[in-house]
Amino acid sequence: MKRIIGCILKGIGVLLLAGVVLTLAFRFLYGRDLLDSPNDMDKFDEVQLSWEDAMADGALTHEEIAIHYAPVIDQAVNVLLGAGGRGDFITAVDYDGDWSCLNNWENLVSGDLRAVVYYSVQETDTHYFAGYYFYHPRDDAEIWLDRHENDMEGVMLAIPKQDGAFAAPEYMYTQGHGNVFFYTASAPESVNMLEGSRHGGQLLLTGGRPHVYITPNGTLKNCGHSVESAAEHSTYWSVGESGVRYVYGGEAKKPLFWNGAFDRNPCAYALRPLTELWEYHNGPYDGSGVFGSYGAFDGDNWGEDRANPPWAWRNKTRYGYGGSFLTDPAWTINHAVSGAALSAEYVSNPWAEWTIRDVHAVIPAMIDASQVTLHLMRDGWELSDPSWFTLEQESAGVYRVLMGNQRQDTLWLAAPKGTSWRFEVRDAGGKVLTLCAVGFDAEYAAP
């Protein structure tokens with residue numbers, strides 16, 4: 001009997017050892033591109049842009065801002081999913097040679113997975129806002145309910161304007177699964193967050209660039225390509241500090257290795273303007289293009305149209321309106337970080353198709369104005385939170401409406417042409433007050 005038990009245990013041990021060996025072999029084989037030479041080190045050259053070089057022609061362009069602050073990206077890779085980990089590669093939406101997003105799941109192995117990051121730049125009178133957006137053909141997972149075709153997450157920087165040098169970013173916020181996390185240049189203990197906002201920690205810079213971590217494909221809470229500060233991230237349990245370190249190189253390259261520490265597996269990426277995708281955002285939505293509807297990539301694997309571009313991102317918490325991640329970064333930060341007080345006087349903001357401004361409310365004297373709340377409605381559903389709007393009396397019964405705590409008088413939004421907007425005035429119990437009226441100017445500015 002003992003001999004039989006011993007044989008069984010020995011057999012189990014052999015099977016476990018074989019499993020470990022096979023797993024390590026799998027990770028080795030699928031964690032490197034055997035078609036490329038490991039000595040091709042020109043794939044890893046990082047490009048820096050100094051203030052002197054940027055100003056050589058006398059002007060600082062938005063593209064130069066995007067290049068200077070292009071992030072260092074630690075992309076964790078799960079080789080057990082997504083064609084040996086390739087589902088975690090950052091690439092272009094048209095990586096497979098066409099603009100149809102309905103076949104991007106299927107073309108993962110055959111497509112050209114060279115690294116591309118999309119960017120946007122906006123400008124107020126005091127700050128630049130540089131956004132970076134990371135596309136993956138698959139959001140893969142062990143549990144099929146967590147899977148979907150196409151995926152895009154991102155990061156937004158707030159950079160003070162200054163003469164004579166590039167300033168360090170002051171704020172950063174990131175997106176993952178509908179959650180927005182805010183990072184500050186100052187130490188976390190000195191930062192007070194407003195209700196409904198999440199402080200991710202301190203902004204990490206490497207060589208003057210923000211250093212971020214992107215979670216890999218998987219099923220746990222910190223998976224599926226959420227973007228975090230590299231200083232504050234929670235390591236994914238089955239991957240650890242393993243993956244690719246993407247750096248801006250001015251030219252798109254493909255990872256050679258994606259097992260082991262990030263700094264051992266660098267790969268250069270190219271920047272492409274977000275306008276390449278914005279060009280298609282109004283359709284047609286006929287199954288032949290990038291988007292299946294306004295604000296949703298066209299996808300049919302594991303559900304329809306489940307991934308969103310940045311002009312549809314908002315926070316799941318009570319603040320933030322559709323697209324505010326991209327269309328109004330000053331508003332987004334002011335409504336998250338106490339005392340931020342960033343100017344919302346935009347010099348350039350091409351992503352805001354709609355502006356809502358010059359809002360005035362008429363409230364009869366028999367109604368206590370301090371007890372009413374305003375609610376912005378878009379095509380019949382509520383877009384706003386009551387805390388957005390502040391009433392400032394101008395004359396008897398007439399109130400100027402300010403957009404929140406920083407006296408901003410304009411909302412900058414992305415929404416389809418033909419959108420219907422209206423305001424409701426409600427009492428403390430939520431009842432609509434029909435005796436009150438709200439006048440405003442809603443302007444569609446996109447071509």
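These figures come from a predicted structure and were not determined experimentally.
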Participant: If only side-chain N and O atoms count, and only distance matters, is there a donor-acceptor pair under 3.5 Å linking Thr184 with His199?
Facilitator: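 Looking only at side-chain atoms, Thr184 and His199 do form a donor-acceptor pair, the distance falling under 3.5 Å.
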Participant: So, Asp96 side chain and Leu108 main chain: donor-acceptor pair closer than 3.5 Å or not?
Facilitator: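 Looks like no, no N/O pair under 3.5 Å.
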Participant: Looking only at atom types and distance, does a side-chain atom of Ser190 sit under 3.5 Å from a main-chain N or O of Ser186, one as donor and one as acceptor?
Facilitator: no
Participant: Please work out whether the ring planes of Tyr213 and His233 are parallel, tilted or perpendicular, with thresholds of 30° and 60°.
Facilitator: parallel
Participant: Distance only, no hydrogens: is a donor on one side chain within 3.5 Å (strictly under) of an acceptor on the other, for Asn103 and Asp98?
Facilitator: yes
Participant: Asp379: which residues meet the side-chain hydrogen bond (donor to acceptor under 3.5 Å, both in side chains) condition with it, sequence neighbours left out?
Facilitator: none
Participant: What pairs with Arg422 under salt bridge (charged side-chain N to carboxylate O under 4.0 Å, His left out), at least two apart in sequence or on another chain?
Facilitator: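 Applying salt bridge (charged side-chain N to carboxylate O under 4.0 Å, His left out) to Arg422 gives Glu424.
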Participant: When you compare the side chain of Glu170 with that of Ile159, does any pair of heavy atoms fall below 4.5 Å?
Facilitator: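 Result no, sub-4.5 Å side-chain heavy-atom pair not found.
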Participant: Can a donor-acceptor pair be found between the side chains of Glu353 and His281 at a distance below 3.5 Å?
Facilitator: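 There is such a pair between these side chains.
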Participant: Flag the pair Phe440 / Phe423 as yes when their ring centroid distance falls below 6.0 Å, and as no otherwise.
Facilitator: yes
Participant: Please list all pairs passing the salt bridge (Lys or Arg N to Asp or Glu O under 4.0 Å) test where one or both residues lie in residues 233-249, with sequence neighbours left out.
Facilitator: Asp74-Arg245
Participant: Go through the side-chain N and O atoms of Asn301 and His148 and say whether any donor and acceptor fall under 3.5 Å apart.
Facilitator: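 No, His148 and Asn301 have no side-chain donor paired with an acceptor closer than 3.5 Å.
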Participant: For Ser324, is there any backbone N or O sitting under 3.5 Å from a side-chain donor or acceptor partner on Asp328?
Facilitator: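 No: the side chain of Asp328 does not pair with the backbone of Ser324.
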Participant: Kindly write out the residues that satisfy salt bridge (charged side-chain N to carboxylate O under 4.0 Å, His left out) with Arg138, not counting sequence neighbours, or none if the list is empty.
Facilitator: none
Participant: Does a side chain donor of either Asn78 or Asn217 reach within less than 3.5 Å of an acceptor in the other side chain?
Facilitator: no
Participant: Could you note down all residue pairs passing salt bridge (Lys or Arg N to Asp or Glu O under 4.0 Å) where residues 270-281 supplies at least one of them, sequence neighbours left out?
Facilitator: Asp94-Arg272, Arg272-Glu276
Participant: Would you say Asn104 and Tyr135 are linked by a side-chain donor-acceptor pair, where the criterion is simply a distance under 3.5 Å?
Facilitator: yes
Participant: When you check the side-chain N and O atoms of Glu153 and His225, is any donor under 3.5 Å from an acceptor?
Facilitator: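 No donor-acceptor contact under 3.5 Å links the two side chains.
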Participant: Using the salt bridge (Lys or Arg N to Asp or Glu O under 4.0 Å) rule, collect all pairs that involve residues 105-118, keeping only residues at least two apart or in two chains.
Facilitator: Asp112-Arg114
Participant: Partners of Arg209 by salt bridge (charged side-chain N to carboxylate O under 4.0 Å, His left out), sequence neighbours excluded?
Facilitator: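 Checked Arg209 against salt bridge (charged side-chain N to carboxylate O under 4.0 Å, His left out); matches are Glu46.
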Participant: Which residues pass the ring-ring contact (aromatic ring centres under 6.0 Å, His included) test with Tyr399, sequence neighbours left out?
Facilitator: none
Participant: Determine whether more than 12 heavy atoms belonging to other residues, nucleotides or ligands lie under 6.0 Å from atom CD of Glu345.
Facilitator: no
Participant: Can you list every pair that meets salt bridge (Lys or Arg N to Asp or Glu O under 4.0 Å) and has a residue in residues 116-137, with sequence neighbours left out?
Facilitator: Glu123-Lys161
Participant: Any donor-acceptor pair under 3.5 Å linking the side chain of Glu251 with the backbone of Ala270?
Facilitator: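 Flag not set: sc Glu251 to bb Ala270 has no pair under 3.5 Å.
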Participant: Is a donor on one side and an acceptor on the other found under 3.5 Å between the side chain of Gln175 and the backbone of Trp313?
Facilitator: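 Not a single qualifying donor-acceptor pair exists.
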Participant: Can you sort out the partners of Asp140 under salt bridge (charged side-chain N to carboxylate O under 4.0 Å, His left out), two or more places apart, ordered by chain and number?
Facilitator: Arg147
Participant: Please check: side-chain N/O of Tyr269 versus main-chain N/O of Ile73, any donor-acceptor pairing under 3.5 Å?
Facilitator: no
Participant: So, for Phe134 and Tyr118, is the gap between ring centers shorter than 6.0 Å?
Facilitator: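 Between Tyr118 and Phe134, which both carry aromatic rings, the centre distance is not below 6.0 Å.
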Participant: For the pair Tyr132 (side chain) and Ala66 (backbone), establish whether a donor and an acceptor sit closer than 3.5 Å, ignoring hydrogens and angles.
Facilitator: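 Yes.
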Participant: Among all residues two or more places apart in sequence or in another chain, which pass the side-chain hydrogen bond (donor to acceptor under 3.5 Å, both in side chains) test with Ser50?
Facilitator: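 For Ser50 the side-chain hydrogen bond (donor to acceptor under 3.5 Å, both in side chains) partners, ignoring immediate neighbours, are Asp53.
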Participant: Has Asn265 got a side-chain atom pairing as donor or acceptor with Gly243's backbone, closer than 3.5 angstrom?
Facilitator: yes
Participant: Check side-chain hydrogen bond (donor to acceptor under 3.5 Å, both in side chains) between Gln75 and all other residues, then give those that pass, not counting sequence neighbours.
Facilitator: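 Residues passing side-chain hydrogen bond (donor to acceptor under 3.5 Å, both in side chains) with Gln75: His136.
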Participant: For the pair Phe129 and Tyr346, name the ring-plane relationship: parallel under 30°, tilted 30 to 60°, perpendicular over 60°.
Facilitator: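 Geometry flag for Tyr346 against Phe129: tilted rings.
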Participant: Is a side-chain N or O of His68 found less than 3.5 angstrom from the main chain of Leu49, in a donor-acceptor match?
Facilitator: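 Checking the backbone N and O of Leu49 against the side chain of His68, a donor-acceptor pair under 3.5 Å is found.
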Participant: Would Leu413 and Ile356 count as a side-chain contact (heavy atoms from CB on, under 4.5 Å) if you check the C-alpha gap in whole Å, the side-chain angles of each, and the deciding distance to 0.1 Å?
Facilitator: CA-CA 8 Å; Leu413 308 104; Ile356 293 181; 3.9 Å; yes
Participant: Test Phe291 against every option in Trp278, Tyr280, Tyr285, Phe297 by the ring pair (Phe, Tyr, Trp, His ring centres under 6.0 Å) rule and name the one that passes.
Facilitator: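 Exactly one option meets the ring pair (Phe, Tyr, Trp, His ring centres under 6.0 Å) with Phe291, and it is Phe297.
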Participant: With Trp331 as reference, evaluate Tyr173, Trp412, Trp388 under the ring pair (Phe, Tyr, Trp, His ring centres under 6.0 Å) test and give the passing residue.
Facilitator: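 Going through the options one by one, the only one that passes is Trp388.
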Participant: Quick check: does any side chain N or O of Tyr294 sit under 3.5 Å from a backbone N or O of Ala415, one acting as donor and the other as acceptor?
Facilitator: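 Flag set: sc Tyr294 to bb Ala415 pair under 3.5 Å.
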